[in-house]
Amino acid sequence: MNLSLRTRILLITVIPIVTLVFATLGIVNRSITSQVRRNIHDDLVRASAVAQNVLEARARMLAVAGQIIARDPKFFSVLTIPGSDRDPQLRNTVAGVARDFNLPGQTDLFEVMDRRGGLLASVGREHSAPEARAGLVAEALAGRPAAGILAGAAAQVQAQVAPVTVGGRIVGALLLGARIDDRFAHELTALTRSQVTFVSGGTSTGTTLERAGDLEAVLAALAGPRAGSDDQLERGKVFEVRARGGVALTLARALPGSAPGRRQLYVMQRSLDAETAFLRAVQASLAGLGLLALLLAVAAGIVIARRILSPVQRLVQGAEA
């Protein structure tokens, strides 16, 4: 189809201007989006560092508290009383002393074992399973303080086990622990401004996510290839999680002291939609500018075409006359 000279001039004038304007707007939009994503990524990395510091500080506090209690004569003396973990009188005596020592801090997990690893008293709000604590207790009874993450049905527990020694002889072990649960997740959220979820295996043991669909999306992503290998999770892996609430940039990392391969993790999230709300306003402004630029380019093309064609039309009219 042949185009008129006016149309050709209009296209030649308008297309480069429109292309330049929209290419510039696209580059600006892409640059802003990339910068926002980088900022969220960096914020998550910093939030992870804060979480690591908090968890390590809790572990040190538990370790110091355990060592202080284990060295107190009022405490270790009850472990020298003859008897076994099946002796009700010994168990009641140890439990009474343990309650006295647990009153100031009200530790979530406070358990006392005899020299064979038998449980003498458990006076905290939590109780550990024998198979979960067995490795840590065995290490403590060998003379080495031990630390780890104990997985429970409703929560994970950050645990420290201290050997109790009398005259160079190990007479028992003291297990202290702090819950890693919803309450602790909210504490970390207040510090990091990130949504926090704790995971043990494929189960959540604490979260600040309010929508069940968001939590299911996190657990599904951790079970898939996007979460990466155990080695990547040990250092921290950042990936996207899509749910009904939108897209969230997500960082998953192994809890300090957790056993390799058990996927005992903390997950921190920032909503891309919430963080880029201002970007949508910028995009709307850019779209308005693009439309205005298009109208101006068309108007400029019409003016230019008219100025170019007016002399030609006068010559044609003169020739015809």
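What you see is a predicted model, and the numbers here were worked out from it, not measured in a lab.
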- Query: Would a distance-only check, ignoring hydrogens and angles, find a side-chain to backbone donor-acceptor pair under 3.5 Å from R270 to R193?
  - Reply: yes
- Query: So, do M113 and E111 sit near enough that their side-chain heavy atoms are less than 4.5 Å apart?
  - Reply: yes
- Task: Kindly say whether A49 contributes a backbone atom to a donor-acceptor pair with the side chain of N53 at under 3.5 angstrom?
- Result: yes
- Taking the side chain from E234 and the backbone from R253, do they hold a donor-acceptor pair closer than 3.5 Å? no
- Message: In this structure, would V54 and V45 fall into the same cluster of hydrophobic residues linked by side-chain contacts under 4.5 Å?
- Response: yes
- In terms of heavy-atom contacts, R263 and S229 come closest through NH2-C, 4.1 Å
- Note on the structure: Note: with side-chain heavy atoms under 4.5 Å as the link, the other cluster members for V241 come out as V199, L209, L215, V218, L219, L222, L233, F239, L265, V267
- Between T93 and Q89, is there a donor-acceptor pair closer than 3.5 Å when you use the side chain of the first and the backbone of the second? yes
- CZ/R58: more than 12 non-hydrogen atoms of other groups inside 6.0 Å: yes
- Query: Hey, is the main chain of T107 close enough, under 3.5 Å, to the side chain of N102 for a donor-acceptor pair?
  - Reply: yes
- Note on the structure: Here the gap from Q264 atom CD to L255 atom CG, rounded to the nearest 0.5 Å, amounts to 6.5 Å
- Query: Would you say T189's side chain and Q195's backbone share a donor-acceptor pair under 3.5 angstrom?
  - Reply: no
- Item | Smallest separation among heavy atoms of V196 and M268, with atom names | CG2-CE, 4.0 Å
- Is it true that atom CZ of R46 has more than 12 heavy atoms of other residues, nucleotides or ligands lying nearer than 6.0 Å? yes
- Task: Begin from the C-alpha positions of F110 and I69 and carry the test side-chain contact (heavy atoms from CB on, under 4.5 Å) through to its verdict.
- Result: CA-CA 11 Å; F110 194 113; I69 294 172; 3.8 Å; yes
- Where do F101 and F75 land on the ring-ring contact (aromatic ring centres under 6.0 Å, His included) test, with the steps shown first? CA-CA 8 Å; F101 276 92; F75 178 79; 5.6 Å; yes
- Item | Hydrophobic cluster membership, L119 vs F76, 4.5 Å side-chain cutoff | no
- Query: Of the non-hydrogen atoms in R86 and P88, which two are nearest, and what is the gap between them?
  - Reply: O-CD, 3.1 Å
- Item | A248 versus Q269, closest heavy-atom pair with distance | CB-NE2, 3.8 Å
- A147 and Q160: which non-hydrogen atoms are nearest, and at how many Å? CB-NE2, 3.2 Å
- Kindly determine whether E240 and R242 satisfy salt bridge (charged side-chain N to carboxylate O under 4.0 Å, His left out), including the steps that lead there. CA-CA 7 Å; E240 284 188 5; R242 296 181 179 273; 3.6 Å; yes
- Query: Between M61 and V50, is there a shared hydrophobic cluster once you connect ILVMFWY residues whose side-chain heavy atoms come closer than 4.5 Å?
  - Reply: no
- Point-to-point distance, once rounded to the nearest 0.5 Å, from CZ of R116 to CG of L141: 10.5 Å
Side-chain donor-acceptor distances from residues 129-136 under 3.5 Å, at least two apart:
{"unit_1": "R133", "atom_1": "NH1", "unit_2": "S128", "atom_2": "O", "d": "2.9"}
{"unit_1": "R133", "atom_1": "NH1", "unit_2": "S128", "atom_2": "OG", "d": "3.0"}

- Message: Applying the side-chain contact (heavy atoms from CB on, under 4.5 Å) criterion to V78, which one of V97, L90, L120 satisfies it?
- Response: V97
- For residues L44 and L249, determine if any side-chain heavy atom of one lies less than 4.5 Å from a side-chain heavy atom of the other. yes
- Hey, quick one: are V112 and V157 part of the same hydrophobic cluster, counting side-chain heavy atoms closer than 4.5 Å, chains of contacts allowed? no
- Has the side chain of S258 got a donor or acceptor atom that lies under 3.5 Å from a matching backbone atom of P256? no
- Item | Side chains of N39 and Q35, donor plus acceptor under 3.5 Å | yes
- For R211 and E216, run salt bridge (charged side-chain N to carboxylate O under 4.0 Å, His left out): C-alpha distance rounded to whole Å, both residues' side-chain angles, the deciding distance at 0.1 Å, then the answer. CA-CA 9 Å; R211 288 187 290 264; E216 291 171 0; over 6 Å; no
- Message: Distance alone, cut at 3.5 Å: any donor-acceptor contact between the side chains of Y266 and Q156?
- Response: no
- Message: Once rounded to the nearest 0.5 Å, what's the spacing between atom OG of S194 and atom CG of D43?
- Response: 7.5 Å
- So which heavy atom on T205 is nearest to which on S200, and how close? CG2-CB, 4.1 Å
Under 3.5 Å, which donor-acceptor pairs link side chains of residues 161-188 to any protein atom two or more places apart or in another chain?
{"unit_1": "R179", "atom_1": "NE", "unit_2": "D181", "atom_2": "OD2", "d": "2.6"}
{"unit_1": "R179", "atom_1": "NH1", "unit_2": "E126", "atom_2": "OE2", "d": "2.1"}
{"unit_1": "R179", "atom_1": "NH2", "unit_2": "D181", "atom_2": "OD2", "d": "3.3"}
{"unit_1": "D181", "atom_1": "OD1", "unit_2": "R183", "atom_2": "N", "d": "3.3"}
{"unit_1": "D181", "atom_1": "OD1", "unit_2": "F184", "atom_2": "N", "d": "3.1"}
{"unit_1": "D182", "atom_1": "OD1", "unit_2": "T207", "atom_2": "N", "d": "2.7"}
{"unit_1": "H186", "atom_1": "ND1", "unit_2": "D182", "atom_2": "O", "d": "2.9"}

- Message: Under 4.5 Å between side-chain heavy atoms, counting indirect links through other Ile/Leu/Val/Met/Phe/Trp/Tyr residues: same cluster for F198 and L251 or not?
- Response: yes
- Query: Going from CD1 on I40 to OG1 on T250, what distance comes out if it is rounded to the nearest 0.5 angstrom?
  - Reply: 10.5 Å
